[in-house]
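What follows is a short report on a single structure.
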Amino acid sequence: MGLYEVMPVTEAIQRIIMSSGTELDIAIQARKEGVNDLRRSGLLKVKQGLTSLDEVLGSTNA
């Protein structure tokens with residue numbers, strides 16, 4: 001099973017990129033738009049019984 005993060009480049013995110021925004025700026029905007037980060041996506045898979053917490057934590061070093 002793959003664990004991945006897909007972030008659509010919306011107009012708001014495009015403006016951040018074009019204005020030399022930081023990775024954190026982009027992440028904050030993505031979260032506002034409902035995009036789950038890699039760890040949150042993994043935790044949802046744990047909740048669904050598709051993987052283990054150890055696997056997610058080992059794959060998403062924070």
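Side chains are part of it too, since the values below use all heavy atoms of this structure and drop only hydrogens, waters and symmetry mates.
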(message) Using side-chain heavy atoms (C-beta onward) and a distance below 4.5 Å, is Thr10 in contact with Glu33?
(response) yes

(message) How close do Ser41 and Asn36 get, counting heavy atoms only, and between which atoms?
(response) OG-CB, 3.5 Å

(message) Atom CD of residue position Glu55 - does it have more than 12 heavy atoms of other residues, nucleotides or ligands inside 6.0 Å?
(response) no

(message) Under the criterion side-chain contact (heavy atoms from CB on, under 4.5 Å), I'd like the reasoning laid out for Leu50 against Leu44: C-alpha separation, chi angles, the key distance, then a yes or no.
(response) CA-CA 9 Å; Leu50 299 173; Leu44 290 172; over 6 Å; no

(request) State the OG1-CG distance between Thr60 and Leu43, to the nearest 0.5 angstrom. (result) 7.0 Å

(message) With a 3.5 Å distance limit and no angle check, can you tell me whether Ser19 reaches the backbone of Ile16 through a side-chain donor-acceptor pair?
(response) yes

(request) For residues Ile13 and Met7, determine if any side-chain heavy atom of one lies less than 4.5 Å from a side-chain heavy atom of the other. (result) yes

(request) List the atom of Val35, the atom of Pro8, and the distance in Å for their closest heavy-atom pair. (result) CG2-CD, 4.0 Å

(message) Looking at Gln48, I'd like to know if its CD atom is crowded, meaning that more than 12 non-hydrogen atoms belonging to other residues, nucleotides or ligands lie closer than 6.0 Å.
(response) yes

(message) Do Arg39 and Leu57 make a side-chain contact, defined as non-hydrogen atoms from C-beta onward lying under 4.5 Å apart?
(response) yes

